[in-house]
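One structure below.
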Amino acid sequence: MQNRKYKISIADQSEYKEIGELMAKVYAALPGFPSVTEQPKYYALFANLNSLADNQATELITARSDDSDLLGSVIYFSDMKYYGSGGTATSIKNASGLRLLAVKHKAQGNGIGRALTNKCIELAREKQQSLVILHTTEYMRAAWALYEKMGFKRFEDIDFLQEELPVFGFQLVI
């Protein structure tokens, strides 16, 4: 995968199933992350991305190789009321959010997560938002480090528990 080119684009509904399968596979492979049997409601999101993306304020964004292989994806929310997390994040005004960033294992380390995150930041700027919000967990330390390098700061006010899993909030002032 090293040095392969990829294209970032907005997905259409025909891609949702493939994107959901990628997300489920990536999250299930995280060492220590809750399994499908431990958090079936969470994994059900991946099988039904329409439940998150069926409005004008939400976009599924993909990274695809030159030969159309799905390498990664993220969900962008231009209105936090659609964000769908626990905690208070859905009440934040003048903010966009990103959730469920996933990069195929073989494609990790090639800047795809950064490119997907940058696309969300670009869309938030176009919407003249002042913040970009996201959540991550201890099991997603590579993503956590990436977000911090990109300027995201911890935003403890929006932390929450997903069943028994602590989920940590971050914000980027734009």
Side-chain angles (χ1 to χ4, degrees), residues 8 10-11 16 19-20 22-24 26-62 72-103 113-174:
I8 304 296
I10 304 297
Y16 287 10
I19 294 166
L22 170 73
M23 290 175 169
V26 168
Y27 281 69
L30 290 169
F33 194 77
S35 69
V36 175
T37 56
E38 293 169 315
Q39 290 202 6
K41 289 180 186 176
Y42 183 73
Y43 283 90
L45 287 173
F46 303 130
N48 187 19
L49 291 178
N50 288 353
S51 66
L52 288 175
D54 194 19
N55 64 71
Q56 292 181 334
T58 306
E59 301 282 1
L60 268 72
I61 302 168
T62 62
S73 61
V74 66
I75 304 177
Y76 167 76
F77 301 86
S78 65
D79 187 330
M80 290 301 293
K81 73 180 177 183
Y82 298 108
Y83 189 69
S85 72
T88 60
T90 56
S91 66
I92 298 171
K93 304 295 182 206
N94 201 25
S96 290
L98 65 108
R99 284 188 70 193
L100 304 176
L101 176 73
V103 177
R114 179 180 292 274
L116 290 166
T117 303
N118 277 330
K119 180 65 174 177
C120 293
I121 295 167
E122 173 188 319
L123 292 170
R125 284 189 174 123
E126 288 173 10
K127 295 283 186 185
Q128 299 180 335
Q129 303 286 25
S130 61
L131 296 173
V132 178
I133 303 295
L134 62 85
H135 285 91
T136 193
T137 71
E138 288 287 342
Y139 302 108
M140 302 167 184
R141 274 301 185 177
W144 187 314
L146 168 70
Y147 300 139
E148 287 178 330
K149 285 179 189 172
M150 294 181 75
F152 283 85
K153 305 288 183 205
R154 281 283 287 119
F155 187 17
E156 295 175 10
D157 292 353
I158 62 170
D159 290 357
F160 68 97
L161 284 175
Q162 177 181 293
E163 297 186 29
E164 295 180 21
L165 177 67
V167 182
F168 303 99
F170 285 79
Q171 68 178 346
L172 175 69
V173 177
I174 55 174

Show your reasoning for whether side chain to side chain contact (heavy atoms under 4.5 Å, CB included) applies to Val132 and Gln171. CA-CA 6 Å; Val132 178; Gln171 68 178 346; over 6 Å; no
So, taking the atom named CD1 in Ile158 and the one named CG in Leu134, what distance separates them when rounded to the nearest 0.5 Å? 7.5 Å
Examine Arg154 relative to Phe168 and say whether NZ or CZ is less than 6.0 Å from the centre of the six-membered ring and inside a 45° cone about the ring axis. no
Please test Glu59 against Lys119 for side chain to side chain contact (heavy atoms under 4.5 Å, CB included), starting from the C-alpha separation and ending with a verdict. CA-CA 11 Å; Glu59 301 282 1; Lys119 180 65 174 177; over 6 Å; no
What heavy-atom pair brings Gly113 and Val103 nearest, and what distance separates the two atoms? N-CG2, 3.8 Å
Using a strict cut-off of less than 4.0 Å between a Lys/Arg side-chain nitrogen and an Asp/Glu carboxylate oxygen, indicate whether Glu122 and Arg125 qualify as a salt bridge. no
Sub-4.5 Å side-chain heavy-atom contact between Leu101 and Thr136: no
Any Phe152 side-chain heavy atom under 4.5 Å of Ile121 side chain: yes
When you measure from the side chain of Thr58 to the backbone N and O of Asn55, does any donor-acceptor pair fall under 3.5 Å? no
Hey, does the side chain of Gln129 reach the backbone of Ser78 with a donor-acceptor pair shorter than 3.5 angstrom? yes
Any donor-acceptor N or O pair under 3.5 Å, side chains Ser96, Tyr76: yes
Any donor-acceptor N/O pair, Asp159 side chain to Gly169 backbone, under 3.5 Å: yes
Where do Cys120 and Ile61 come nearest, in terms of heavy atoms and distance? SG-CD1, 3.9 Å
Run the side chain to side chain contact (heavy atoms under 4.5 Å, CB included) check on Leu22 and Ser73 step by step: do they pass? CA-CA 8 Å; Leu22 170 73; Ser73 61; 4.1 Å; yes
Pairwise side-chain hydrogen bond (donor to acceptor under 3.5 Å, both in side chains) hits with a residue in residues 26-39, at least two apart: Ser35-Thr37, Ser35-Glu38, Gln39-Gln162
Which distance, rounded to the nearest 0.5 Å, do you find between the CG of Leu165 and the OH of Tyr42? 8.0 Å
Validation row: Pro166, Leu161 side chains within 4.5 angstrom (heavy atoms): yes
Shortest non-hydrogen contact from Gly72 toward Leu116: C-CD1, 3.8 Å
Measure across Tyr16 and Ala53 and return the closest heavy-atom pair with its distance rounded to 0.1 Å. OH-CB, 3.7 Å
Any side-chain heavy atom of Leu131 within less than 4.5 Å of one from Met80? no
Min side-chain heavy-atom separation Leu100-Val74 under 4.5 Å: no
Please name all residues satisfying salt bridge (Lys or Arg N to Asp or Glu O under 4.0 Å) with Glu148, sequence neighbours left out, ordered by chain then number. none
When every non-hydrogen atom of Asp79 is compared with those of Ala57, the smallest separation belongs to CB-CB, 3.8 Å
Can you check side chain to side chain contact (heavy atoms under 4.5 Å, CB included) on Tyr82 and Asp54, steps first, answer last? CA-CA 10 Å; Tyr82 298 108; Asp54 194 19; over 6 Å; no
Take atom CZ in Phe160; do more than 12 heavy atoms of anything else shown fall under 6.0 Å from it? yes
More than 12 non-hydrogen atoms from neighbouring residues, nucleotides or ligands closer than 6.0 Å to CD on Glu126, yes or no? yes
So, applying side chain to side chain contact (heavy atoms under 4.5 Å, CB included) with Thr137, which one of His135, Arg141, Met140 is it? Met140
I need the minimum non-hydrogen distance between Leu52 and Phe77, along with the two atoms involved. O-CE2, 4.0 Å
Is there side-chain contact between Leu60 and Leu49, with heavy atoms separated by less than 4.5 Å? yes
CZ of Phe170 to CE of Met150, rounded to nearest 0.5 Å, is 13.0 Å
If only atom types and distance count, is the side chain of Arg99 paired as donor or acceptor with the main-chain N or O of Tyr83 below 3.5 Å? yes
Does some side-chain heavy atom of Tyr147 sit less than 4.5 Å from a side-chain heavy atom of Thr117? yes
Can you tell if the side chain of Ile75 reaches within under 4.5 Å of the side chain of Leu98, non-hydrogen atoms only? no
In Å, rounded to the nearest 0.5 Å, how long is the span from CD1 of Ile174 to OG of Ser130? 7.0 Å
